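Here the structure is a predicted model, which means the values were calculated and not measured. In the text below, chain A, chain B and the rest are named by the order of the sequence lines, each starting its count at 1.
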There are 2 protein chains.
Amino acid sequence: MAAVDLATHPGHLARRLQQAHYLLWNTMVSEEITSPQFAVLNALVAEPGLDQRTVGERVGLDRSTIAEVISRLDRRGLLHKERDPRDGRRFLLRLTDEGLRTHRKLTVRTARMNQVFLAPLSAEERTVFFDLIGRVADAAEGLRDPAGPLAAQG
Amino acid sequence: MAAVDLATHPGHLARRLQQAHYLLWNTMVSEEITSPQFAVLNALVAEPGLDQRTVGERVGLDRSTIAEVISRLDRRGLLHKERDPRDGRRFLLRLTDEGLRTHRKLTVRTARMNQVFLAPLSAEERTVFFDLIGRVADAAEGLRDPAGPLAAQG
DNA sequence: CTGAAATACTCAGTGCGCTGACTATCGGTC
DNA sequence: GACCGATAGTCAGCGCACTGAGTATTTCAG
């Protein structure tokens, strides 16, 4: 009976939340374009001509993952990559017309899905929900690398 | 400028939260055993002899995913599968001594990690955090299948 | 007792997400 | 102007997570 209650484990809650969202997205928004792919489209609507690394930074994905997501969007013809003439290492990314149309369409559906997803919460609770999750995520993202935390063993 | 603010998109927040947790887990808890794997160990500490499907239900994983997680734990010698003599379709799962030891060790580290992860929140805020996320996840998990939601297109 | 539905599990395919090792380019120093 | 470190991107490998299709076993209707 040394078992623990997972309902007080933020990691487990986060995973369940993300999973539930994934399923709802699939039924209410798109079976083709995923939520991370939409995040990338959105970043490029806000700032056309970003390079891969910076897009990854904006949406919170590492270099490998962002490369795969972008290559899928590229294959679907939603964006195109172009070598930066001023820095041969970079690719500059821009949405195609099709990419812009897709973003517009999904923006509408996403708003609708969020209403359903957040239905259990009152307006005030939603604000708190965003605030609390945002603070925890921000803090944890700022925790990267500092001197081997596995040090304090037990 | 039709771009959207992802900080008010629960799916995006959930993904960031989960990612940040994943990284912290890796540094503070274990590089070998993942958070979902720990959830499975925990479920089997609470209820030894469960079958795969039920474990999946307890921790919120589908049949395919739970099968992979369990086969990894099996390969590591943390649990063993045994055909249910009363129902040849099922495998009954039990932790090995090694599995029990691992669960005990990780329970301690996980508690420590959760303190760090939740550090930005006060005690009251943590309660609210668990409550809000739990309610949204519960509700969304209860939304499965009901008559094709993609129907209401826009 | 036999055939059909239900159930537990497996397998192939796709996508997200990370690390570590590698290549190519750039930028600065000597 | 040649090296050296930093940076952008690729690739292989592992793990989580889902769907859809397929196998084996059980259960229930007749």
Side-chain angles (χ1 to χ4, degrees), chain A residues 11-12 14-27 30-40 50-57 59-76 81-93 140-141 144-145, chain B residues 11-12 14-27 30-40 50-57 59-76 81-93 140-141 144-145:
Chain A
H12 188 249
R15 192 175 56 71
R16 283 182 53 213
L17 187 67
Q18 213 231 311
Q19 227 58 251
H21 175 268
Y22 168 84
L23 292 177
L24 194 58
W25 179 281
N26 243 270
T27 53
S30 172
E31 292 177 337
E32 313 280 311
I33 306 299
T34 65
S35 173
Q37 286 173 25
F38 175 73
V40 169
L50 287 183
D51 66 309
Q52 271 187 219
R53 192 193 66 71
T54 308
V55 172
E57 217 171 75
V59 303
L61 294 178
D62 73 300
R63 65 200 185 295
S64 291
T65 304
I66 198 68
E68 289 175 25
V69 173
I70 284 174
S71 100
R72 281 183 205 108
L73 292 172
D74 193 9
R75 278 203 300 274
R76 281 185 188 286
K81 304 166 67 163
E82 186 187 356
R83 280 278 178 203
D84 184 341
R86 300 191 303 176
D87 186 341
R89 293 169 301 183
R90 281 186 169 83
F91 287 106
L92 304 183
L93 306 172
E141 283 171 358
R144 306 276 179 51
D145 83 311
Chain B
H12 189 248
R15 192 174 58 70
R16 282 182 54 214
L17 188 66
Q18 213 231 313
Q19 227 58 251
H21 175 267
Y22 168 85
L23 292 177
L24 194 58
W25 178 282
N26 242 271
T27 54
S30 172
E31 291 176 338
E32 313 280 311
I33 307 298
T34 64
S35 172
Q37 286 174 25
F38 175 73
V40 169
L50 287 183
D51 65 310
Q52 271 187 219
R53 193 194 65 74
T54 308
V55 171
E57 217 172 74
V59 304
L61 294 177
D62 73 300
R63 66 204 185 290
S64 293
T65 305
I66 198 67
E68 289 176 25
V69 172
I70 284 175
S71 99
R72 279 181 208 110
L73 292 172
D74 193 10
R75 278 203 300 276
R76 280 184 188 287
K81 304 167 67 162
E82 186 186 356
R83 279 277 178 206
D84 185 341
R86 301 191 301 175
D87 186 339
R89 293 168 300 183
R90 283 185 168 84
F91 286 106
L92 304 184
L93 306 171
E141 283 170 358
R144 307 273 179 55
D145 83 311

A.B. asks: If I take atom CZ in residue B:Arg83 and atom C1' in nucleotide D:dT25, what distance separates them, rounded to the nearest angstrom?
C.D. replies: 9 Å
A.B. asks: Compare the minimum distances between each of D:dG15, D:dT19, C:dA8 and the side chain of B:Gln37, then state the nucleotide with the smallest one.
C.D. replies: D:dG15
A.B. asks: How close or far is atom P of C:dT10 from atom CG of B:Asp62, stated in whole angstroms?
C.D. replies: 13 Å
A.B. asks: Does D:dT10 have OP1 or OP2 sitting under 4.0 Å from an N or O in the side chain of A:Lys81?
C.D. replies: yes
A.B. asks: Taking atom CZ of A:Arg53 and atom CG of A:Asp62, what is their separation to the nearest 0.5 Å?
C.D. replies: 12.5 Å
A.B. asks: Keeping the roles fixed (side chain from B:His12, backbone from A:Val59), state whether a donor-acceptor pair exists under 3.5 Å.
C.D. replies: yes
A.B. asks: Distances under 3.5 Å only, N/O to N/O: pair up the protein atoms with those of nucleotides 21-23 of chain D.
C.D. replies:
none

A.B. asks: When you check the phosphate oxygens OP1 and OP2 of D:dA17, does a side-chain N or O of B:Ser64 lie under 4.0 Å from one of them?
C.D. replies: no
A.B. asks: Roughly how far, to the nearest 0.5 Å, is the CG atom of B:Asp51 from the CG atom of B:Leu93?
C.D. replies: 7.0 Å
A.B. asks: With a non-hydrogen cut-off below 4.0 angstrom, is A:Asp51 in contact with a base, only sugar-phosphate, or nothing?
C.D. replies: sugar-phosphate
A.B. asks: Checking contacts here: which listed nucleotide (D:dT10, D:dA17, C:dC9) is nearest the side-chain heavy atoms of B:Gln52?
C.D. replies: C:dC9
A.B. asks: Starting from the 5' end of DNA chain C, give me the residue, A:Thr65 or B:Asp87, whose nearest nucleotide shows up first.
C.D. replies: B:Asp87
A.B. asks: About how many Å separate CD of B:Gln19 and OG1 of A:Thr65, when rounded to the nearest 0.5 Å?
C.D. replies: 7.5 Å
A.B. asks: Choose from D:dA17, D:dG15, C:dC9 the nucleotide whose nearest atom is closest to any side-chain atom of B:Phe91.
C.D. replies: C:dC9
A.B. asks: Which heavy atom in A:Phe38 sits nearest to a heavy atom in A:Ile33, and how many Å separate them?
C.D. replies: N-CG2, 4.0 Å
A.B. asks: Report all interatomic pairs (protein N or O, nucleotide N or O of nucleotides 4-7 of chain D) with separations under 3.5 Å.
C.D. replies:
| unit_1 | atom_1 | unit_2 | atom_2 | d |
| --- | --- | --- | --- | --- |
| D:dT7 | O2 | A:Arg89 | NH1 | 3.1 |

